[in-house]
A.B. asks: 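Pasting a structure here, questions to come.
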Protein chains: 2
Amino acid sequence: MVPGADLVERVLARVREHGGRATPARRVLLTVLLEGPAHRSAEELAAAVQAGAPDVYLSTVYRHLEELERLGVVDRVRGSHGPATYHLALSAHGHLVCEECGSVTEVPGEVFGGLAAAARDGYGFVVSPRHYAVSGRCAGCQP
Amino acid sequence: MVPGADLVERVLARVREHGGRATPARRVLLTVLLEGPAHRSAEELAAAVQAGAPDVYLSTVYRHLEELERLGVVDRVRGSHGPATYHLALSAHGHLVCEECGSVTEVPGEVFGGLAAAARDGYGFVVSPRHYAVSGRCAGCQP
DNA sequence: TTCGATGCAAATAGTTTGCATTCTA
DNA sequence: TAGAATGCAAACTATTTGCATCGAA
């Protein structure tokens, strides 16, 4: 049994609930998201999809990623340069995006807890639980 | 005396120190940055510049903004959609970017203090003091 | 058998680059 | 007067859109 196959089906069920349809292209993209590394760009994901399904177009991947983001299945992280990257939203966590090398470090959601509370209490601003992202320099890129 | 004119000259002095030159286009852009609202896109800034100096091109504005960012004079904030916005880096502060309406709420740097400490201690990641930016929904855009 | 999804092409937004000319230091 | 900055055009990257056709429900 392919690991995560049930997750793919669960997500597709959710897509159907929202009036969407379970198509081969979607199944492949979800499998790719599950199996490969996190934080890949739409283009990288499309390349991986195309390895198994050559005629799935980049625009289809964008369309699907956009929907999955709406459904809360994937997160989109936009660093200060370059394309946005996508990954499965398996748990609430934040991102430390290195402005030097572009690497993304995931940190548990609690690290952002104090900030989220202060933003809510002080400004009525509700921090999105899946879109934390702050810039800086990672351990390997200190001057 | 124009308020902030001395700041313009101080920045230009800094530009010269780094081998740059004080040109009219730069003077105008700095004045525009000082006088108008914060968090404008390159295009909006170019429009404001062109009101006074019609033949300053958008590409020149981009080039200058990039240099000012290197010098730490302006910050660049990239929301989840749309163009990056720029503003003077007058004090350490963070940004709450609304993913619904695109508005940017500034919050004092201390709000990010706990997060910055946790990132440094736990991951060796030094959060950039001027590039805090987290997404969510502002007070006016709650569902 | 209807309506959403796809293939494909083309358009768009934002930003960067190349190069001859102009101007600051 | 040397080298940086600019005007301008054009390239480029990331993303979105339009539309006829196809396929899932």
Side-chain angles (χ1 to χ4, degrees), chain A residues 8-9 11-30 32 39-47 49-50 52-71 73-74 76-86 97 99 102, chain B residues 8-9 11-30 32 39-47 49-50 52-71 73-74 76-86 97 99 102:
Chain A
V8 169
E9 294 310 319
V11 170
L12 288 176
R14 180 120 172 244
V15 167
R16 273 193 220 98
E17 274 167 35
H18 287 257
R21 290 171 185 180
T23 62
R26 294 191 163 167
R27 232 174 270 271
V28 176
L29 175 57
L30 283 169
V32 160
H39 304 294
R40 280 173 291 173
S41 67
E43 199 145 13
E44 288 166 337
L45 290 168
V49 166
Q50 283 159 2
D55 51 1
V56 172
Y57 254 59
L58 182 55
S59 57
T60 300
V61 170
Y62 270 111
R63 280 192 267 233
H64 196 191
L65 286 171
E66 197 187 336
E67 180 186 41
L68 291 176
E69 197 194 1
R70 267 202 312 277
L71 295 180
V73 175
V74 304
R76 172 188 155 119
V77 180
R78 228 182 161 194
S80 52
H81 293 289
T85 64
Y86 301 82
V97 183
E99 55 198 21
Chain B
V8 169
E9 293 311 320
V11 170
L12 288 176
R14 179 117 173 247
V15 167
R16 273 193 218 94
E17 276 167 33
H18 287 256
R21 290 169 185 184
T23 62
R26 292 190 166 170
R27 231 174 272 269
V28 175
L29 175 57
L30 283 169
V32 161
H39 305 293
R40 280 173 292 172
S41 67
E43 199 144 12
E44 288 166 336
L45 290 168
V49 166
Q50 283 159 2
D55 52 1
V56 171
Y57 253 60
L58 182 54
S59 57
T60 300
V61 170
Y62 270 110
R63 278 192 268 235
H64 196 190
L65 285 171
E66 197 189 337
E67 180 185 41
L68 291 176
E69 197 194 2
R70 266 202 313 275
L71 295 179
V73 174
V74 304
R76 172 187 156 122
V77 180
R78 229 185 160 191
S80 52
H81 293 288
T85 63
Y86 301 82
V97 183
E99 55 197 21

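These numbers come from a predicted model, not from an experiment. These numbers come from the heavy atoms of this one structure, side chains and all, not from hydrogens, waters or symmetry mates.
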A.B. asks: With sequence neighbours left out, what residues match A:Ala22 under side chain to side chain contact (heavy atoms under 4.5 Å, CB included)?
C.D. replies: A:Leu12, A:Arg16, A:Arg27
A.B. asks: In Å and rounded to the nearest 0.5 Å, what is the OG to CZ distance from A:Ser41 to A:Arg76?
C.D. replies: 11.5 Å
A.B. asks: Measure from CG on B:Leu12 to C1' on D:dA5 and round the result to the nearest Å.
C.D. replies: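 Value for this atom pair: 13 Å.
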A.B. asks: Sequence neighbours excluded, which residues qualify as side chain to side chain contact (heavy atoms under 4.5 Å, CB included) partners of B:Glu67?
C.D. replies: B:Val15, B:Arg26, B:His64, B:Arg70, B:Leu71
A.B. asks: I want to check one thing: is the phosphate of D:dA5, taken as OP1 and OP2, less than 4.0 Å away from some side-chain N or O of B:Tyr57?
C.D. replies: no
A.B. asks: Nearest nucleotide by nearest heavy atom, which residue falls closer to the 5' end of DNA chain D, A:Gly20 or B:Pro54?
C.D. replies: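 Taking each residue's closest nucleotide, the earlier one in sequence belongs to B:Pro54.
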A.B. asks: Would you kindly give the CG-to-P distance between A:Leu29 and C:dT6, to the nearest whole Å?
C.D. replies: 10 Å
A.B. asks: Starting at atom NE2 of B:His64, determine the distance to atom C1' of D:dA4, rounded to an integer number of angstrom.
C.D. replies: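 That distance rounds to 13 Å.
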A.B. asks: Tell me, please, which residues at least two apart from B:Arg40 pass side chain to side chain contact (heavy atoms under 4.5 Å, CB included).
C.D. replies: B:Val32, B:Pro37, B:Glu44, B:Leu45, B:Ala48
A.B. asks: Starting at the 5' end of nucleotides 16-24 of chain D, put B wherever the base has a protein heavy atom under 4.0 Å, S where only the sugar-phosphate does, and a dash everywhere else.
C.D. replies: BBB----BB
A.B. asks: To the nearest Å, give me how far apart CD (B:Glu67) and C1' (D:dT6) are.
C.D. replies: 13 Å
A.B. asks: What integer distance in Å separates A:Leu45:CG from D:dA14:P?
C.D. replies: 14 Å
A.B. asks: Report for the helix from C:dT1-D:dA25 to C:dA25-D:dT1: angle between first-end and last-end helix axes, five pairs each, rounded to 10 degrees.
C.D. replies: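 Computed angle between terminal axes is 40°.
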A.B. asks: When the distance from CD of A:Glu44 to P of D:dT13 is rounded to whole Å, what number comes out?
C.D. replies: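 The answer, rounded to whole Å, is 15 Å.
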A.B. asks: Side chain to side chain contact (heavy atoms under 4.5 Å, CB included) for A:Val77 and A:Val97? Distances and angles first, verdict last.
C.D. replies: CA-CA 9 Å; A:Val77 180; A:Val97 183; 4.0 Å; yes
A.B. asks: Has A:Gln50 got a side-chain atom pairing as donor or acceptor with A:Tyr57's backbone, closer than 3.5 angstrom?
C.D. replies: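 No, the answer is negative, given that no donor and acceptor are paired below the 3.5 Å cut-off.
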A.B. asks: List in chain and number order the residues that pass side chain to side chain contact (heavy atoms under 4.5 Å, CB included) with A:Ala42, two or more places apart in sequence or in another chain; answer none if no residue qualifies.
C.D. replies: A:Leu58, A:Tyr62, A:Leu65, A:Tyr86
A.B. asks: Which whole-number value in Å describes the distance from A:Arg40 CZ to D:dA14 P?
C.D. replies: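 Rounding to the nearest Å, CZ of A:Arg40 and P of D:dA14 are 17 Å apart.
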A.B. asks: Run A:Leu29 and A:Thr60 through side chain to side chain contact (heavy atoms under 4.5 Å, CB included) and show every step you take.
C.D. replies: CA-CA 10 Å; A:Leu29 175 57; A:Thr60 300; over 6 Å; no
A.B. asks: Taking atom P of C:dT16 as reference, at what distance in whole Å does atom CZ of B:Arg70 sit?
C.D. replies: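 Atom-to-atom, B:Arg70 to C:dT16, this comes out as 12 Å.
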A.B. asks: I'd like to know if the side chain of B:Arg78 reaches the main chain of B:Thr85, judged simply by a donor and an acceptor atom lying under 3.5 Å from each other, with no hydrogens or angles considered.
C.D. replies: no
